[in-house]
Amino acid sequence: MVFSSQIFLFYFLGLALLLYYAAPRFMKQGVLALLSYVFYGWWNPWFTLLMLLSTVIDYGCGKMITGGGPERARRRRLGLTISVISNLALLGFFKYAAFATENINGVMRWLGLGHAELPPFLLEIVLPVGISFYTFQSMSYSIDLYRGHAPPARSFVDFACYVSMFPQLVAGPIVRYGAIATQLVERRHSVEGFVRGLTRFNFGFAKKILLANPMGEIADLCFDAGGGALSAPMAWLGVTAFTFQIYFDFSGYSDMAVGLGRMFGFRLPENFDSPYRSGSITEFWGRWHISLSSFLRDYLYIPLGGNRLGPGRTYVNLMVVMLLGGLWHGAAWTFLVWGGIHGAMLALERFMGKKPFYSRLPLVLRVGFTFSFLLITFVIFRSDSFAEAGRYLEAMFGSGDSAPAAELLAAQVLRPANLFFFAICAAGIWGVPNTVRILERLTVAKAAGGLILFGLSTAMMFRQGFNPFLYFQF
Amino acid sequence: MNQKMKNPYRGESGERDVSFGKGTATAFAAVFLILIAGPAVWRNAIELAKGNAGWAPLVEVFRVTQPSLLAHFTVFEERLERESEFAAGLRRGTQAMMTRVFREGNRRTMIGRDGWLFYRPALDSLTGKGPGPERAAVIARFGEQLREMGVELILVPIPTKPMVYPNRLGGGREDQIVERKDAEGFYDRLRAGGVQVVELTDLYAAEKESTEMYLKQDTHWTPEGLQSAAELVAAHVKERPWFEELEAPLVTTVEKGIEVENDGDGVRNLDLGDRTGAFFERERITISRVVDTRTKGSVALNNVASPIVLLGDSFTNIYSRGEMGFGAGAGFADHLAGRLGMALDVIAINGQGTTAVRRELAGRSYSAWLMRDKKKAVIWAIVERDLFLTDASARAEGVVWEDVAFNEGAIEGAPLTLVGTVRMKSRIPDPRLAPYREAFFAVEYTVENVIEGEYNAEVIVVFHWAFRDGKMSEASRFPVGARKTLRLVPFHERADELRWVGNTMNDSIEDNLVPYWAEGVE
């Protein structure tokens, strides 16, 4: 189920809160874990078995890592190795097997060797929702134990609760075990905290429904255009709308996740900090999907050597991290290339002292250039293929169509409602503080405003129909 | 081991304070909980009060009736959404607000200028990326199947409203027509494969200067639009070399000036509920009904014996079938039949003009024999939207493009003697009014006992004489429930001697079985 659905808002959430707060303290983790399994199993009951398997493996690995006795060092390394390999294997199989099969066959055809006799089911594997998130979380437990950043979970139930916790299960933020370990043992429930949580949830819900979804409609119209319908202005408008959509969709979801976590007494990490106000790509990656970028920094970039092995190796490490980061988003060459372009830009800015080549410009222009770079690279991210991305970029840079169908597309895109919400989005990104800043100090007006936004968003949600979150596909 | 707790990434930005106390916080929490729990509690209470007739979600979620849990969750959630009056009320109210403030439609209907409504998928089919290569291939293969049976395929792509009136949506000139850049290439590929394509776009471009070709609030063509199309298609068919040899016994008149009014499907798709009247008046039009001069009724459109098949969708059904709310007997099939002078074999299903209609044609008993022996042409009138939606959009709209297989009809155990009970009878024409002296009709029997031969199904379809020399047969008087001993031969052994007439079958008779002819009845 998704947060923005009738079943979640008007059935599951209320029941979950009731059961959680009715449960005695020692049972709260178990209740929350069970509720989370129901939440996840609603997508597909079989997915829960996979998550349970990952949980059992990593809990066992945690025992190996923190256990005493002879050959302790070897057992610790073995536990870590099993955890990392098993999680990456799960992720690799379900997410990348079909991609690998297609590419192996492609290479063999190119070499004139026919095609590989690989089992056909490899092309039909269903990607379990959220697997990219919970496998990383689960791995972080083993890594944090190995590094001594956290004590082991008190019980299997505590650990299962951490892995499966529904507020952040399917689309983050990626919560590392070290950041939540003490909260699993002891956390404070207060009505003020609950209201802070529900207000944050309401704001996130509004971002998703009132801002992200309308922008998604514009983006879909433009990116799905063909047959002579995409003009240059519409192409720019379409990718800008997508850029707005992905931000409000994902940050809205993160707000909802953080808010829900708070309603259950947890303080989850922030995931966004006004990324489109960045004056460089380096700054952007410190503000966008923070939980992923910090995960990759701490668990991949630094172990690879970070910036400690000289500038050349630093640039290589940056590229490796960003290529893998791109691939994490999806099993497609477009994601890999998107990540690679960002990696190259990061390397270039590192070469220039962590500054962009336009660093001497005024802030507004630096932000403009950075945003333009994001727009262009998001074309590759959004497109299904390089050919499509190429056609879209061609349209953006002047060879767009002016056929009568283009006027029809423009008539659909430039509707008053679309322009209104587009303006609200732009104001929300550059004109007002982000949700975190707004809700730093919670006032009666803000809490009441949140409730009003909840009402408006619910009404609009019913009008819009089914609306899953973009990052669910990752 | 180092137990030092490290939070390696940036933590929360500071939460400075909450400016209100516990009492206010409790009130906010209570309001939120009422908001999220209230609708569900209310709905479940009402449904539980209905007893067995109710559907209380909190009970039904545990009542698994589907083959899998996933199917159960999916069906449950769909029903929850579909039957939620709370959701429907909010949806309609919000849509009314959006329509009033922004002139905004929804995912099905786009509001253009001066209240003109456009079907969004029709727009997508014009501005989208178009279909994959398989689409044209499916049509070409169907044409090839028909050609092998000696039947011609005549494709009639019906333009969509935004093609003909783009200026009524947004910019553009009044005289402009919008076509996809790749449309002509698509049709040329079909022509190269032997499919005849009768395009209506040029006709509509010329006629729209003086005549409204589309309804304002509905997806479909006006009566004038369809009549122009019928004229053009009829002219094309009459030029075919085989047409001259056909009998054209149908004589019709046209009853003009029949007024009808209805809400267009564009309005219904907006789902404004009680508020509809505040935004849109009912669409009023004048239809022209085609009347069979012999029967004084509508033209027969289910004549299986007709040499011309018409496959269609809602564009064929509108004004023809009263269920669409715009009158009856005045549709494309009626006017086409009148111009051709013969009843047609029409298979038209709303929203299913791509594959379901072909499947029904091909799925008839002995369909291959029927096509080879009785048919000359299949006219396939299908809205262009369904031709040019992307593969993904087509799937989302339930538009399916698949091959069909014609039924050669295997014979099982002839001759046959069995005992059966009458279940159903097809309609028998009045011999005083029918333009023929003999006719037969279909009876569906429940098989009780097979005395001689082999027959495995529970039901059997048997053709009997309905009347001969104008006199009703004994079989025509068989009541439902009557038990008869039947001596039967497969129908195809007698089909050449028999004259096919209209209304020997109706929709309720099972048409997937091998039919038999009654040689004797006791």
Side-chain angles (χ1 to χ4, degrees), chain A residues 6-7 9-11 13-14 17 42 44-45 66 148-151 176 178-179 181-182 191-192 194-196 198 221 224-229 267 269-270 290-291 294 298 403-405 407-412 415-417 420 436-437 440-444 447 451 454 458-460 462-463 465, chain B residues 1-20 22 24-26 28-29 31-32 35-37 39-40 57 69-70 73 77 80-81 84 87 90-91 94-95 98 102-104 106-107 110 123 126-130 162 166 169-172 176 178 180-182:
Chain A
Q6 191 179 168
I7 184 77
L9 290 172
F10 299 103
Y11 285 85
L13 181 57
L17 288 168
W42 197 267
N44 187 328
T66 56
H149 287 175
R176 282 186 277 173
T182 51
V191 67
E192 293 89 345
F194 186 86
V195 173
R196 183 174 281 286
L198 71 90
L221 276 170
D224 290 344
R267 295 193 177 201
E270 297 297 339
I290 298 167
S291 63
S294 59
D298 294 335
E407 292 182 28
L408 269 185
L409 182 71
Q412 290 182 81
R415 301 198 307 274
F420 173 76
V436 176
R437 302 272 175 255
E440 257 180 334
R441 185 165 187 277
L442 186 61
T443 63
V444 169
L451 289 173
F454 178 81
T458 301
M460 194 64 83
F462 287 132
R463 180 182 162 269
Chain B
M1 178 181 60
N2 181 2
Q3 292 289 312
K4 179 180 165 191
M5 297 290 290
K6 284 179 76 174
N7 190 344
Y9 54 87
R10 182 173 26 178
E12 297 174 287
S13 56
E15 292 183 353
R16 295 211 305 268
D17 58 352
V18 174
S19 74
F20 46 85
K22 201 166 190 164
T24 310
T26 304
F28 275 122
V31 169
F32 180 75
L35 283 176
I36 65 172
L69 265 183
L70 180 60
F73 292 156
E77 195 170 349
L80 186 75
E81 303 270 348
S84 172
L90 275 181
R91 183 176 61 246
T94 311
Q95 183 58 52
M98 291 295 286
F102 292 110
R103 298 301 289 168
E104 179 75 0
N106 60 12
R107 287 185 180 191
M110 195 159 153
L123 289 163
L126 271 178
T127 60
K129 292 196 176 92
L169 175 66
Q176 208 166 25
V178 175
R180 287 185 62 88
K181 273 184 173 180
D182 53 359

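Naming convention: chains lettered A, B, ... in sequence-line order (proteins, then strands); numbering from 1 in each chain.
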Distance in Å, B:F20 CZ paired with A:L442 CG, rounded so as to fall on 0.5 Å steps: 4.0 Å
Side chain proximity check, A:I7 to B:F73, heavy atoms < 4.5 angstrom: no
Atom pair OG1/CD1 of A:T458 and B:I36 - distance to nearest 0.5 Å: 10.5 Å
Where B:F102 and A:P416 come nearest, the two heavy atoms and their spacing: O-CG, 3.9 Å
Which atom of B:K129 lies closest to which atom of A:A225, heavy atoms considered: CG-O, 3.7 Å
Largest heavy-atom contact set with chain B, pairs under 4.5 Å, which of A:W42, A:F10, A:F454: A:W42
Chain A contact via B:T24 - side chain, backbone, both or neither, heavy atoms under 4.5 Å: side chain
Nearest atoms (heavy-atom pairs only) where A:A411 meets B:M110: O-CE, 3.5 Å
Within-4.5 Å side-chain heavy-atom neighbours: B:V18 and A:V195: no
Heavy-atom pair with the smallest gap, counting every atom of B:A29 and A:L198: CA-CD2, 4.0 Å
Student check: side-chain heavy atoms of B:F28 and A:V444 closer than 4.5 Å: yes
Inter-residue atom distance A:M460.CE - B:Q95.CD, 0.5 Å rounding: 9.0 Å
When B:R103, B:R180, B:E81 are compared by non-hydrogen pairs under 4.5 Å with chain A, the top option: B:E81
Closest non-hydrogen atom pair between B:E104 and A:R415, with its separation: OE2-NH2, 2.6 Å
Nearest-0.5 Å distance that lies between atom CG in B:L169 and atom CD in A:E407: 10.5 Å
B:E77 CD to A:Q6 CD distance, which is reported to the nearest 0.5 Å: 8.5 Å
Contact summary for B:L123 and A:L408, nearest pair of heavy atoms: CD2-CD2, 4.0 Å
